[in-house]
2 protein chains.
Amino acid sequence: MDTAKRNKNADTFETCRQRMLAVKDALGVLNGRWKIPIMTSLLFGDKRFKEISKEIDGVTDKMLSKELKDLEINQLVKKEARDTFPPTVKYSLTEHGRSLETVVAELYYWGSKHRKKIIGK
Amino acid sequence: MDTAKRNKNADTFETCRQRMLAVKDALGVLNGRWKIPIMTSLLFGDKRFKEISKEIDGVTDKMLSKELKDLEINQLVKKEARDTFPPTVKYSLTEHGRSLETVVAELYYWGSKHRKKIIGK
DNA sequence: TGATTTACTAACCTTTTGTATAGCGCTATC
DNA sequence: GATAGCGCTATACAAAAGGTTAGTAAATCA
């Protein structure tokens with residue numbers, strides 16, 4: 001391998017690693033089975049706890065509660081509780097959370113394509 | 001709530017659930033900590049096993065091997081082994097796998113933004 | 001009276017993921 | 001002749017993620 005080619009390979013290796021870091025930062029916040037579905041739900045509007053859980057098949061109260069807390073800590077979601085009875089809690093996206101819209105949209109497009117290609121053949 | 005408003009709510013509920021399904025299809029294939037990093041690595045070019053593992057911090061041989069197998073089953077990755085010694089195995093993306101490029105790109109943009117906002121403040 | 005509702009939490013259990021270590025077959029290098 | 005390299009696989013175990021069940025508060029409804 002000549003010098004020029006070796007340098008080019010080293011470059012793409014470095015570029016690749018930097019991309020990877022950013023991708024991992026994103027995945028670090030969106031990890032687990034439920035965070036992206038939760039964000040998807042809230043991109044359609046503010047919701048109460050039970051409304052979210054109805055939209056996401058298979059999620060348990062425990063998981064939903066935990067994941068919402070994580071998302072709140074990472075400033076993607078905000079929570080407003082009123083001390084009525086039964087309790088009323090509203091979840092909504094922060095501006096930062098709403099900036100995930102394009103990511104979720106791409107996942108949606110890709111997921112539809114994938115379903116057609118693999119699952120629904 | 002009047003009838004028109006109730007219908008509109010029912011509509012967004014349904015649209016939301018359909019989006020959710022497609023998003024979950026995508027996540028079903030890309031689940032776990034490693035699949036998206038692996039795809040990111042292969043989007044930069046065909047790679048051998050060790051090359052991928054060098055680019056992804058923290059992944060073990062066991063996990064890498066398992067996840068590559070999953071991706072192969074889902075037709076995102078293809079594998080070519082030549083029976084030389086030491087063994088030479090080349091991994092590359094299928095066309096379907098390459099179609100994930102936009103998803104990964106969005107994750108990369110968002111991850112960079114997120115790092116600046118939350119981690120690197 | 002007692003069942004229902006909401007947004008959780010605690011206890012416990014299972015499944016998935018990760019870690020550590022070893023080994024294989026064969027070649028090339030020290 | 002020992003050692004390093006590749007692309008795994010096997011075994012055993014620890015840790016993390018996720019699921020199941022049950023329970024709480026206080027008001028409302030039958």
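Keep in mind that the numbers below use all heavy atoms, side chains included, and drop hydrogens, waters and symmetry copies. We name chains A, B, ... by the order of the sequence lines, and we start the count at 1 in each one.
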No-hydrogen, no-angle side-chain donor-acceptor test under 3.5 Å, W110(A) and T102(B):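 The answer is no; no qualifying pair exists.
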Polar contact flag, side-chain donor to acceptor under 3.5 angstrom, Q75(B)-T94(B):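 There is no such pair (donor and acceptor under 3.5 Å, judged by atom type) between the side chains of Q75(B) and T94(B).
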DNA chain D: 5'-proximal contact among P86(B) and E67(A) (nearest heavy atom):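 This one resolves to P86(B).
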5'-most by nearest nucleotide on DNA chain D - F85(A) or K90(B):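 Upstream on the strand: K90(B).
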Tell me the interatomic distance from [X], atom [atom1], to [N], atom [atom2], rounded to whole angstroms.
X      : N       : atom1 : atom2 : result
L64(A) : dT9(C)  : CG    : P     : 11 Å
D61(B) : dA20(C) : CG    : P     : 13 Å
M63(B) : dC8(D)  : CE    : C1'   : 14 Å
D83(B) : dC24(C) : CG    : C1'   : 16 Å
K79(A) : dC8(C)  : NZ    : C1'   : 8 Å
K66(B) : dT16(C) : NZ    : C1'   : 8 Å
I38(B) : dT17(C) : CD1   : C1'   : 14 Å
N31(A) : dT16(C) : CG    : P     : 18 Å

R33(B) vs dA17(D): side-chain N/O to OP1/OP2 distance below 4.0 Å: no
Any W34(B) side-chain nitrogen or oxygen under 4.0 Å from OP1 or OP2 of dT16(C):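 Result: no.
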Residue of the set R98(B), M39(B), E95(B) for which side chain to side chain contact (heavy atoms under 4.5 Å, CB included) holds with L76(B):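 Running side chain to side chain contact (heavy atoms under 4.5 Å, CB included) over R98(B), M39(B), E95(B) with L76(B) returns exactly one hit, M39(B).
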SB check K35(A) E67(A) (cutoff 4.0 Å):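 A salt bridge is present here (some side-chain N lies under 4.0 Å from a carboxylate O).
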Ion pair D57(B)/K24(A), N-O distance below 4.0 Å: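 Salt bridge absent between D57(B) and K24(A).
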Side-chain donor/acceptor contact of K62(B) with base of dG18(C) under 3.5 Å: yes
DNA chain D contacts among residues 43-60 of chain A, heavy-atom distance under 4.0 Å: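 Correct list: T60(A).
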